[in-house]
Amino acid sequence: MNEEERQQATPDLGPGYLRIGELAKRTGVSPELLRAWEQRYKLLQPTRTAGGFRLYGAADEARIRRMQSLVSGGLAAAQAARLILSGEPAPRTVPASATILDEEAANLTASLDRLDEQAASAALDRLFSAYTVETVLQDVVIPYLHRLGERWEVGEISVAQEHFASNLLRGRLLGLAQGWGQGQGPGAILACLPGEHHELGLLAFGVALRRRGWRIIYLGTDSPIGAVADIARSLRPAVVVLMSMNPDSFLDHARQIEQLAKQVQVVIAGRGATPEVARHTQTHLLDQDPVSAAGIIDRDHSTRDDDRRRS
Amino acid sequence: MNEEERQQATPDLGPGYLRIGELAKRTGVSPELLRAWEQRYKLLQPTRTAGGFRLYGAADEARIRRMQSLVSGGLAAAQAARLILSGEPAPRTVPASATILDEEAANLTASLDRLDEQAASAALDRLFSAYTVETVLQDVVIPYLHRLGERWEVGEISVAQEHFASNLLRGRLLGLAQGWGQGQGPGAILACLPGEHHELGLLAFGVALRRRGWRIIYLGTDSPIGAVADIARSLRPAVVVLMSMNPDSFLDHARQIEQLAKQVQVVIAGRGATPEVARHTQTHLLDQDPVSAAGIIDRDHSTRDDDRRRS
Amino acid sequence: MNEEERQQATPDLGPGYLRIGELAKRTGVSPELLRAWEQRYKLLQPTRTAGGFRLYGAADEARIRRMQSLVSGGLAAAQAARLILSGEPAPRTVPASATILDEEAANLTASLDRLDEQAASAALDRLFSAYTVETVLQDVVIPYLHRLGERWEVGEISVAQEHFASNLLRGRLLGLAQGWGQGQGPGAILACLPGEHHELGLLAFGVALRRRGWRIIYLGTDSPIGAVADIARSLRPAVVVLMSMNPDSFLDHARQIEQLAKQVQVVIAGRGATPEVARHTQTHLLDQDPVSAAGIIDRDHSTRDDDRRRS
DNA sequence: ATAGGTTTTGTCAAGCTTTTGTACAT
DNA sequence: ATGTACAAAAGCTTGACAAAACCTAT
């Protein structure tokens, strides 16, 4: 049974539709205990079938969940029941959490390794709800990608695992990227050089930059310089970021890049972006991790802006 | 047989065209069970051939599928049938192929009603990953909050349910709000007037405004005007937004608000923000839903900005 | 009288006047059965020669073909005949109010062309909130992608526009894909062959298949067959889908694919998947649009499942 | 928690009828 | 060509049954 069906099956009206077994399965409270709570505290008053079976409704389910949360919060069952029946709001308990970061990071690695999408997504959810996007990217995602590359090179990991993990992370990053073209902030065009198909780092960079209020125009993998230049001319972004893992990629298109750099600020990134390449192409070099890089670009731009205003 | 032919073969009108074997093949429910459901629950009322063979129509097929979904969702057959028969006033209503938006929205409501945090979070996850933040806020969250309020007034919903839902949604909105003070965009100070404890609308507004690149300084519920004014003086935001559900709240602090409005653009929002209040306090009125409101504020600000540049 | 003579003996009484034997040969329905249908259901009312021979026209042939299609679609003969005689033109599933659909589709195209992320996202939101996922994919996204390809070939569109649009759509599809590895349904491994970097079609297929309850393991672009095989061995999916736009891609790996096809059902798709390739590699061919293809795979699997259970 | 009894629900079987494609005699 | 016959396939009704789920009470 999949989740949607189960949820569909819970209409929020009327007399009661769930038999005790299903209610038990849904809430995790045993049928015996459900009957006990009914008898002892009158917590529930299910309707009955002609034959005598109990039938519970959505309100009953809510009451049970409330009961669970109160009891697990330390209240005695009788008190919890009284509280619920009196209609008082619950004192909410806040589960405090300590250093989940490393734990969840390990979790994520393990989940991705065994192609368990659900577990990996859950781990990412927990991470994103406990830490800032920047922290998760910088301390979990990027390091993970590095290790993924290394493990792949050593043959510790199959291509399939690598693909699976990349695709899942790409999906999450694109989720964070949603709407990153909106707004009034400075614009940035992001592109991978022709032949380059690794885009996760660039995506992470884009997300981090967006978080600082920038407007992102994302061209993605394998983008011809000419196309980037066209767009740059019409959109006049504050910066163009070109990424490649291979230095030769940059050198092969050195002339075009240099040309582009005369019209707009061009920044090069990725393992292929070396000081030498930057010198050759008259561009700026970005060799930090994506999140720091976004910080630097942002700072740079604002100070330059400030200077302009001052003068 | 290909798909089109099969669909062609299922006209959705009239007396019925499928014999029991074919219906069984299509739905995966055995002929015996189909007859049992008919006899026991009157779930189907097929027409008959002269010789007595049952003939089913598309509506019957839909009913069977609904039945399957409910039963696989844990309902007992009798209850599932009752539900289907009760919820079907029109002979031919919409087949359950609703869009994900409606489906998940209904899902969210049901989950929140029965205090099922996990299911509610999952529904929100699906919504946020399938739709823009703006759409989810405008078409799901805000309408839900309205209905929540109405249902609460009518007593259709318990205090616990209302608290549960509010807290969960607040958590999600705060998640979206993460890092919203960063960046270079125009700043906005958001605050609820003293005594005002409803902040969800204001949060949604903040999120929408952030998505347009603004920098949000959020003071939250029950904020003294003096504190707002202090911060406004030091941070010089482009706009200050004051919210309250109660007109008197505004009027009680009219003088302070008017004073504040002389130093910075002040906008009032919430059900308590009436044209009269705006006139009294020399402020601007924002009476749309939070997402549209954010759009208006943003547009206003950029045009004013443009004008300034032009002049 | 031999065949030729018989035909010669049939003077042109006008276009399309057929005697029963010829009609039988054309439609594959035996003369006896044709007469039976005429008598029992009045399905046909052929004119007669002076000697009493039946003469059928084109309309009769059409009726027979319709009858065949309906019957092979599961209808009983009597019902099929009734349907045909009732004179309705095949109640096809009509796309609801095609106007909004087309309008928003045009909107989407325009937005994407001018790199307006916000507008494009909004258009997609409206589409997804008004129509089924299947409808939007089949009637908007897939056609759009086709046109995109064509326009790109003709040079009507810049590479940058193509990249931008692809990335945005990919983001949305991945959003819909969220959680698609979960659940209990049959599993499918999806991969593009080595060298193939177009994945949007495959993503759409995955989304559609997920909507039917399948569990998706997505390997994405440029996946070595070896990796696919590894995973297939350990996960034992119900089907493996390989996609490529280039027939040579398939042929280059024909041996590996054939090997894989011995262990698990392999289906090939994409423009490169030709009947010839399928024969060569002992795989099944999928040449419909992604959404229909998902339907076919799903039906195939359930019927095969049924058969197995029955035997 | 267990024991002993009841309800619910899917499945099966027996004996008979209808439907439908095909065969045969005139 | 016609009309009738026939047999396989598919269906109908009634009745029964057993596993699963549920009840009460100890």
Side-chain angles (χ1 to χ4, degrees), chain A residues 16-26 30-36 38-40 44 46-56, chain B residues 16-44 46-56 64 67-68 70-72 74-82, chain C residues 19-21 23-24 27-56 64 67-68 70-72 74-82 309-310:
Chain A
Y17 292 93
L18 295 176
R19 294 202 314 211
I20 197 168
E22 179 60 20
L23 182 62
K25 209 175 287 172
R26 288 191 186 188
S30 76
E32 291 80 7
L33 190 50
L34 287 174
R35 285 191 281 253
E38 174 184 334
Q39 197 192 5
R40 294 208 269 258
L44 304 170
T47 56
R48 301 279 185 135
T49 67
F53 284 18
R54 276 165 248 256
L55 291 178
Y56 300 92
Chain B
Y17 292 93
L18 295 176
R19 294 202 316 212
I20 198 167
E22 177 62 18
L23 183 61
K25 210 174 289 174
R26 289 191 185 187
T27 61
V29 178
S30 76
E32 291 82 4
L33 190 50
L34 287 173
R35 286 191 282 253
W37 282 352
E38 175 184 332
Q39 196 192 5
R40 290 177 183 159
Y41 317 120
K42 316 248 172 285
L43 183 63
L44 303 170
T47 57
R48 302 277 186 137
T49 66
F53 281 20
R54 278 163 245 256
L55 291 179
Y56 299 94
I64 294 301
M67 186 80 178
Q68 285 180 295
L70 290 173
V71 166
S72 80
L75 261 69
Q79 278 65 54
R82 176 159 55 108
Chain C
R19 292 209 319 221
I20 196 165
L23 182 60
T27 60
V29 178
S30 75
E32 291 83 0
L33 188 50
L34 286 174
R35 285 192 283 258
W37 281 354
E38 175 183 331
Q39 194 193 6
R40 289 178 183 157
Y41 317 120
K42 316 254 173 280
L43 183 63
L44 303 170
Q45 298 187 344
T47 57
R48 301 290 184 125
T49 66
F53 285 10
R54 277 164 244 256
L55 289 180
Y56 298 94
I64 295 301
M67 187 80 178
Q68 286 180 296
L70 289 173
V71 166
S72 81
L75 259 68
Q79 278 66 53
R82 176 160 54 112
R309 258 180 245 155
R310 248 172 245 159

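A, B, ... follow the sequence lines: proteins, then strands. Residue 1 opens every chain.
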State, to 0.1 Å, how close [X] and [Y] come at their nearest heavy-atom pair, and which atoms those are.
{"X": "B:Ser30", "Y": "B:Ala24", "answer": "C-CB, 4.3 Å"}
{"X": "C:Gln68", "Y": "C:Thr27", "answer": "NE2-O, 2.7 Å"}
{"X": "A:Leu55", "Y": "A:Pro46", "answer": "O-CB, 3.3 Å"}

Got C:Leu34 and C:Leu43 here, is their nearest side-chain heavy-atom distance under 4.5 Å?
-> no

Could you tell me whether the side chain of C:Gln79 reaches within less than 4.5 Å of the side chain of C:Leu70, counting heavy atoms only?
-> no

Protein-nucleotide distance ([X], atom [atom1]; [N], atom [atom2]), rounded to Å:
{"X": "B:Ile20", "N": "E:dT13", "atom1": "CD1", "atom2": "P", "answer": "9 Å"}
{"X": "A:Lys25", "N": "E:dA21", "atom1": "NZ", "atom2": "C1'", "answer": "10 Å"}
{"X": "B:Gln39", "N": "E:dA16", "atom1": "CD", "atom2": "P", "answer": "13 Å"}
{"X": "C:Arg82", "N": "D:dT20", "atom1": "CZ", "atom2": "P", "answer": "11 Å"}
{"X": "A:Glu38", "N": "E:dC22", "atom1": "CD", "atom2": "C1'", "answer": "13 Å"}
{"X": "C:Leu75", "N": "E:dA9", "atom1": "CG", "atom2": "P", "answer": "21 Å"}
{"X": "B:Arg48", "N": "E:dA10", "atom1": "CZ", "atom2": "P", "answer": "19 Å"}
{"X": "A:Glu22", "N": "E:dA21", "atom1": "CD", "atom2": "C1'", "answer": "12 Å"}

Would one find a side-chain N or O of A:Arg35 under 4.0 angstrom from OP1 or OP2 of E:dA25?
-> no

Gap between atom CD1 of A:Ile20 and atom CD of A:Glu38 - 0.5 Å precision | 7.5 Å

Where along nucleotides 1-10 of chain D does protein come under 4.0 Å, by heavy atom, of base (B) or sugar-phosphate alone (S), with - for untouched nucleotides?
-> ------BSBB

Which nucleotide sits closest to the side chain of B:Arg54: E:dA1, E:dT4, E:dC12?
-> E:dC12

